[in-house]
Every structure is written in structure tokens, then in C-alpha cells.
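I have placed the structure first, in the form of C-alpha cells, so that the comments after it can refer back to it.
Letters A, B, ... mirror the listed sequences (proteins, then strands); counts begin at 1.
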2 protein chains.
Amino acid sequence: MFSKTCEYAIRALLYIAQQSDAGHKVGFRQIAQAIDAPEPFLAKILQDLTRKGLLQSAKGPNGGFFVAAMDISLAAVVRAIDGDKLFSGCGLGLPNCSETNPCPIHQQFKSVRAQIQKMLQSSTIGDFNDLIAQGLVRLKSA
Amino acid sequence: MFSKTCEYAIRALLYIAQQSDAGHKVGFRQIAQAIDAPEPFLAKILQDLTRKGLLQSAKGPNGGFFVAAMDISLAAVVRAIDGDKLFSGCGLGLPNCSETNPCPIHQQFKSVRAQIQKMLQSSTIGDFNDLIAQGLVRLKSA
DNA sequence: TAAATAAAAGATATTTTTGTCTTTTATTTA
DNA sequence: TAAATAAAAGACAAAAATATCTTTTATTTA
């Protein structure tokens with residue numbers, strides 16, 4: 001569904017959002033530990049998210065990552081990392097699949113895509129702060 | 001959503017099903033042409049599908065690929081090629097995500113997965129024979 | 001039985017994704 | 001201002017997915 005990169009990005013943002021909510025900046029090592037991601041790979045992803053404005057960073061002592069806007073949708077994150085193939089692409093990979101030129105599963109797929117989009121559009125990175133803080137949901141396995 | 005391999009596999013099976021329905025065996029070159037897939041790559045996929053029993057093949061003159069069972073579900077095809085990650089995996093990639101140990105989007109994802117599964121389970125490779133024969137749906141772009 | 005046909009199998013190549021390591025730049029604070 | 005801190009940037013490496021090419025095996029038919 002999502003690329004590994006995108007999975008790490010979402011998990012990282014949810015963690016940083018919760019930490020920001022609690023008033024803390026966090027370094028990438030701490031984030032990597034919290035979401036169980038490879039440190040240098042995650043660092044690249046965080047750089048990318050920062051460049052794209054979904055995340056803020058501060059250098060130097062007491063620096064780290066934090067989020068300024070809790071109302072960024074998960075759809076925006078997915079779009080930033082994986083593009084909008086998930087939201088608009090053909091299920092069978094046809095470049096010019098459309099209503100007038102449909103693949104066999106065009107209609108069925110359209111409705112699946114709509115549900116996915118609805119789900120991702122209606123959740124924001126800040127929506128899970130409390131659940132995460134209370135330990136009711138997890139961002140890593142171990 | 002699906003791997004490229006899986007997209008080719010579905011498109012190929014739908015084409016072969018329709019051709020079988022019309023009483024024709026088809027060679028892999030013809031299939032590649034009909035669904036716009038790289039010939040040798042497709043050949044590998046067809047071999048795999050044949051080994052797994054989703055497809056039949058005959059060697060020699062007048063040989064080619066054909067399907068014996070029109071009632072194979074698209075879900076079975078996806079499962080054979082991409083495994084059941086799509087049907088049972090965690091949206092955020094957590095290996096042991098579960099009801100009692102959920103990721104933040106566990107419930108939402110569950111419902112999306114159910115809809116995808118329903119869609120793929122309720123369509124078979126033979127369901128599109130007529131639409132394809134009539135040219136009302138497409139298996140390639142050009 | 002020989003020739004032609006077509007899939008099967010095996011080896012190899014390319015591209016993309018995922019992951020790692022090192023150096024540089026910016027910021028803070030003592 | 002110097003030292004420490006932490007992200008940014010760049011080069012590199014490994015693995016997986018995608019794609020290609022050649023040889024072998026099985027089948028049919030003339």
C-alpha cells in the first residue's frame with residue numbers, strides 16, 4: 001500500500017507530533033529508536049519532510065525536530081512521499097485509464113480509492129497524540 | 001497497491017481467459033502485445049502462474065496458454081503473486097500489529113482492507129470476457 | 001523420424017528502493 | 001570566541017523489483 005519510506009514518515013510524524021504536543025523537540029536518533037527505523041535512512045526522510053514543510057527542525061544544542069502544525073492530514077504525508085499514484089492511479093497500471101477508457105476493474109477501484117482517500121484525508125498527525133501518550137497505540141513492534 | 005508483476009499477471013489472465021472463452025490458445029508474444037508488457041518478463045510471470053495452477057500451457061505447434069477454470073478470483077491471483085500482505089498486513093508496516101496491540105490507524109485500515117478483499121474476492125478472471133470481447137474495457141494503453 | 005513450434009529453465013543486466021557512512025553547516029552556550 | 005551539539009548534505013552500498021537474453025525440453029505434424 002505505502003512504500004517503506006512512507007511508513008517510516010508517518011510513524012515518525014505521529015511520534016514527533018506527540019512529543020511536540022508534550023513540549024519536546026526530538027533528535028533523529030531518538031525518533032529512530034521510538035519507531036524502530038534505521039537511523040541514517042530515517043534521517044534522510046526527515047530531511048525531506050522538513051524541506052517539504054511538513055516538519056520543522058532546529059540545529060545545534062537543544063535542537064531537534066518538531067511540528068508546528070498538528071492539522072496536517074495523513075493524505076498530505078502520503079502525497080508528499082509516495083505521490084498521488086495511490087489516489088489517482090489505475091489499479092492495473094494503465095497510464096491512461098479513465099471513465100471513457102476504463103480498465104476492467106475501473107469502477108470497483110474507484111470506490112476503494114475513495115475510501116482510502118477519505119480515511120487519510122480525515123486523520124491528522126495530531127489526532128493520535130493522546131492515544132500515543134497513553135500507550136494505547138504503538139509505533140514500533142518491540 | 002499491486003506490484004508491476006501482479007498488474008501484468010492480472011491483465012494477462014483476463015486476456016487469456018477471454019481468448020480461451022473464444023476457443024483460442026495464445027502464445028506469450030501475442031499476450032505481451034495484447035496487454036503491452038515486456039515479452040521475456042511476462043514469460044516468466046506466465047511460467048509462475050502455470051506452476052501455481054492458475055493457468056495451463058501446452059508446448060509445441062498449436063500450443064500456448066489457456067485457462068481451464070474461469071472462476072479463479074482476482075484475490076487468488078493477487079495472493080499468488082504478491083502474497084497476502086495486502087489482505088492482512090499492517091498499514092504502517094508493524095510486524096505484530098493486532099487488535100490488542102494496534103498501530104494508530106489499525107481500525108481504519110481494517111475496513112479498507114475488507115473492502116479491497118471483498119472487491120477482489122467477488123470478481124473472477126472470467127467475469128470480464130464479454131466486456132473485453134466487445135472492446136468496452138481495455139487491457140493496454142495504446 | 002526430422003523439422004518446426006512453443007513453453008520452460010537458467011543466467012545475466014538494469015533500475016529502484018532501502019539502507020549506511022562521512023563530511024559539512026548552522027546554532028547554542030560556556 | 002571556542003567547543004559542543006545536532007541537522008544537512010553528499011557519496012556510497014546492498015537488496016529487491018523489473019527486464020533481457022540464451023539454451024533446453026516437450027510436442028506436433030509433415
Side-chain angles (χ1 to χ4, degrees), chain A residues 1-13 16 19-20 24-33 35-68 78 81-83 85-86 92-93 95, chain B residues 1-13 16 19-20 24-68 78 80-83 85-86 92-93 95:
Chain A
M1 181 80 58
F2 307 133
S3 67
K4 223 90 187 67
T5 301
C6 192
E7 290 174 359
Y8 289 145
I10 295 173
R11 278 152 60 191
L13 280 170
I16 300 166
Q19 289 292 302
S20 292
H24 307 305
K25 289 195 205 105
V26 280
F28 75 93
R29 275 167 234 278
Q30 184 183 344
I31 301 169
Q33 145 75 23
I35 71 169
D36 197 25
E39 282 187 13
F41 189 44
L42 177 68
K44 288 299 180 195
I45 298 169
L46 295 175
Q47 281 172 33
D48 189 33
L49 291 170
T50 303
R51 268 193 304 269
K52 286 171 172 158
L54 300 178
L55 184 61
Q56 280 66 45
S57 69
K59 287 184 174 182
N62 249 309
F65 293 91
F66 60 99
V67 301
V78 172
I81 301 295
D82 283 347
K85 185 165 168 291
L86 183 61
L92 297 186
Chain B
M1 181 82 55
F2 307 134
S3 67
K4 222 94 188 61
T5 300
C6 192
E7 289 175 358
Y8 290 144
I10 295 173
R11 278 152 61 191
L13 280 170
I16 300 166
Q19 289 291 303
S20 292
H24 307 305
K25 289 193 205 107
V26 280
F28 76 92
R29 276 167 233 276
Q30 183 182 344
I31 302 169
Q33 145 74 25
I35 70 169
D36 196 25
E39 283 187 12
F41 188 45
L42 177 68
K44 287 300 181 194
I45 298 169
L46 295 175
Q47 281 173 33
D48 190 32
L49 290 170
T50 304
R51 267 193 303 268
K52 286 170 174 160
L54 300 179
L55 184 61
Q56 280 65 45
S57 69
K59 288 185 176 182
N62 249 310
F65 293 91
F66 61 100
V67 300
V78 171
I81 301 294
D82 283 348
K85 186 167 167 290
L86 183 62
L92 298 186

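Residue C6(A) forms a side chain to side chain contact (heavy atoms under 4.5 Å, CB included) with just one option from L86(A), V78(A), I45(A), and that option is V78(A).
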If you write DNA chain D from 5' to 3' in dot-bracket form, with Watson-Crick or G-U pairs under 3.5 Å, [ ] for crossing pairs and | for pairs with another strand, what do you get? ||||||||||||||||||||||||||||||

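Considering only heavy atoms from C-beta on, V26(A) stays 4.5 Å or farther from F66(A) through its side chain.
If you take CG of D36(B) and P of dA19(D), they are 11 Å apart, rounded to a whole angstrom. Nucleotide dT27(D) holds its P atom 15 Å from the CD atom of Q56(B), rounded to whole Å. E39(B) places its CD atom 18 Å from the C1' atom of dA13(C), with the value rounded to the nearest Å. Between the NZ atom of K4(B) and the C1' atom of dT17(C) there is a distance of 16 Å, given to the nearest Å. Here dA16(D) presents its C1' atom at 11 Å from CZ of F41(B), a figure rounded to the nearest Å. Between the P atom of dA16(D) and the NZ atom of K85(B) lies a distance of 14 Å, rounded to the nearest Å. In this entry the distance linking CG of L42(B) with P of dA19(D) reads 11 Å, nearest Å. In this structure, I45(B) atom CD1 and dA9(C) atom C1' are separated by 16 Å, rounded to whole Å.
Panel note: side chain R29(B), backbone E39(B); no donor-acceptor pair is recorded below 3.5 Å.
OP1 or OP2 of dA19(D) sits under 4.0 Å from a side-chain N or O of Y8(B).
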Atom pairs, N/O to N/O, protein against nucleotides 5-9 of chain D, distance under 3.5 Å?
| from | atom 1 | to | atom 2 | distance (Å) |
| --- | --- | --- | --- | --- |
| dA6(D) | O4' | G60(A) | O | 3.3 |
| dA7(D) | OP1 | F28(A) | N | 3.4 |
| dA7(D) | O3' | S57(A) | OG | 3.3 |
| dA8(D) | OP1 | S57(A) | OG | 2.9 |
| dA9(D) | OP2 | R51(A) | NH1 | 3.0 |
| dA9(D) | N7 | K44(A) | NZ | 3.2 |
| dA9(D) | N7 | Q47(A) | NE2 | 3.3 |

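With sequence neighbours left out, the salt bridge (Lys or Arg N to Asp or Glu O under 4.0 Å) criterion links K85(B) to no other residue. Remark: K44(B) engages no residue in a salt bridge (Lys or Arg N to Asp or Glu O under 4.0 Å) (not counting sequence neighbours). Under the salt bridge (Lys or Arg N to Asp or Glu O under 4.0 Å) criterion, K4(A) pairs with E7(A), sequence neighbours left out.
Judged as a side-chain hydrogen bond (donor to acceptor under 3.5 Å, both in side chains), the pairs with a partner in residues 49-68 of chain A (not counting sequence neighbours) are, in order, D48(A)-K52(A).
Among the heavy atoms of the strands lying under 4.0 Å from P38(B) are primed sugar atoms or P, OP1, OP2 only; no base atom is included.
Here the closest non-hydrogen pair linking Y8(B) and D36(B) is CE2-O, 4.2 Å. Of all non-hydrogen atoms in F28(B) and L42(B), the two that sit nearest each other are O-CD2, 3.8 Å.
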